[in-house]
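Everything on this sheet refers to the single structure shown next.
Start at 1 and go down the list; that is how both ligands and their atoms are numbered. Computed from heavy atoms alone, side chains included, the values below leave out hydrogens, waters and symmetry copies.
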Amino acid sequence: MSVIPPASTPRHVAIIMDGNGRWAEQRRRPRLVGHRAGARAVRDTIEFCIDRGVEALTLFAFSSENWGRPQEEVSGLMRLFLSVLDREVDELARRGARIRFIGEAQAFSPDIQKRMQATEALTAANTGLTLVIAANYGGRQDIATAARQLATEARDGRIDPATIDETAFGDRMALADLPAVDLCIRTGGDLRISNFLLWQLAYAELWFTPTLWPDMDAATLQAAFDDFSRRQRRFGLTGAQASRQQA
Ligand code: IPE
Ligand code: IPE
Ligand code: MG
């Protein structure tokens, strides 16, 4: 019996798109040039995932900690966010993508919030790739929000605290209605999660590459997918049990 599972495509891919700043610095250009180049890589990555039949793609666009960057970079990122939404949403909608945002939207300008809501409304009924943009997202914030919600429901008598388990908790976290994250990719060479999906990555396969995000291309994504298809996911079981389940 082979311990190598059959080739499989991840149903849900999550990506920490890192390295835009260094890409620009290597070219002696302002960091924002790197972010703009990163937007191109986003388009190619979405394309790749649609072609491969991936069901959900979650992209880490802006973390709850990224507000601490120089004002000029933050406002440049906000402008870029708006122009990408303007430019890309119609085409993505046409291709059947359903676009959603996770993270605390209230922190964004009314302009951006309006655009985010319009994008979600426009694509809500689509049945192709679910594209999730994590904007002002933090994994700890996500967990704290679920805890607050459970506490409120318990206070109001809508849930019995004795019944709070992993399912009740998970149901109140971001991405609850999507397949579990199978593969999490981080570009830019650092080996860390940086407060991305802490709860949701529990059994995701992690894949790291030194490639800087603006250089992300189909060959690198294919390498990640190939590597994923060769991994044995055991979920705590023995290798023999896992291969019986996968057979
Ligand atoms: C990722 O690239 C994009 C955002 C965090 C918004 P960085 O801007 O973090 O690029 P590096 O890590 O400084 O190279
Ligand atoms: C993670 O990258 C956040 C995004 C890609 C949006 P960072 O550049 O913020 O992460 P650290 O600071 O290197 O951990
Ligand atoms: Mg970075």
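Of all atoms in ligand 1, numbered sequentially from 1 with element shown, those under 4.0 Å from a heavy atom of Asp18 are 1 (C), 2 (O), 7 (P), 9 (O), 10 (O), 11 (P), 12 (O). Heavy-atom proximity to Ile16, at under 4.0 Å, picks out these atoms of ligand 2: 1 (C), 5 (C). Using a 4.0 Å cut-off to heavy atoms of Arg192, the atoms of ligand 2 that qualify are 11 (P), 13 (O), 14 (O). Residue Ala61 approaches ligand 1 through these ligand atoms, each under 4.0 Å from one of its heavy atoms: 6 (C). Atom numbering of ligand 1 starts at 1 in the shown order; those under 4.0 Å from a heavy atom of His35 are 3 (C), 8 (O).
For atom 1 (C) of ligand 1, the nearest protein heavy atom (residue, atom name, distance) is Met17 O, 3.0 Å. With hydrogens left out, the protein atom closest to atom 14 (O) of ligand 2 is Ser194 OG, 2.6 Å, a heavy atom. Protein heavy atom closest to atom 10 (O) of ligand 1, with residue, atom name and distance, is Gly21 N, 2.9 Å. Of all protein heavy atoms, the one closest to atom 4 (C) of ligand 2 is Phe60 CD2, 3.8 Å.
Residue contacts with ligand 1 leave out Gly188, since none of its heavy atoms falls under 4.0 Å from the ligand.
Residue nearest to atom 13 (O) of ligand 1, selected from Arg31, Gln26, Glu65, Glu73: Arg31 (by heavy-atom distance). Among Arg22, Arg69, Glu25, the residue whose heavy atom sits closest to atom 8 (O) of ligand 1 is Arg69.
For the residue pair His35/Asn20, the side-chain donor-acceptor check at 3.5 Å is satisfied. Thr145 and Arg172 share no side-chain donor-acceptor pair at under 3.5 Å. Looking at Gln117 and Gln113, their side chains never bring a donor and an acceptor atom within 3.5 Å of each other. For the 3.5 Å distance criterion, the side chains of Asp226 and Ser229 fail to qualify, holding no donor opposite an acceptor. Using a 3.5 Å distance cut-off with no hydrogens or angles, the side chains of Gln232 and Arg234 do pair a donor with an acceptor. Side-chain atoms of Trp213 and Asp18 form no donor-acceptor pair, as typed in the model, at a separation below 3.5 Å. A side-chain donor from one of Asp215 and Trp23 sits under 3.5 Å from a side-chain acceptor of the other. When only modelled atom types and interatomic distance are considered, Thr9 and Arg52 share no side-chain donor-acceptor pair under 3.5 Å.
For the pair Thr187/Leu212, no side-chain contact is recorded, criterion being any heavy-atom separation below 4.5 Å from C-beta on. Taking the side chain as every heavy atom from C-beta outward, Asp86 and Phe81 never approach each other to under 4.5 Å.
Under the 4.5 Å side-chain heavy-atom criterion for grouping Ile, Leu, Val, Met, Phe, Trp and Tyr, Phe101 is not connected to Tyr137 through any hydrophobic cluster.
Only the backbone of Phe62 comes within 4.0 Å of ligand 2, counting heavy atoms alone; no side-chain atom from C-beta on gets that close. With a 4.0 Å cut-off on non-hydrogen atoms, Asn66 touches ligand 1 through its side chain and not its backbone.
The Mg ion (ligand 3) has Asp18 OD1 as its protein N, O or S neighbours under 2.8 Å.
Counting non-hydrogen atoms of neighbouring residues, nucleotides and ligands closer than 6.0 angstrom, the CZ atom of Arg158 exceeds 12 such neighbours. Around the CZ atom of Arg87, the shell of radius 6.0 Å holds more than 12 heavy atoms that belong to other residues, nucleotides or ligands.
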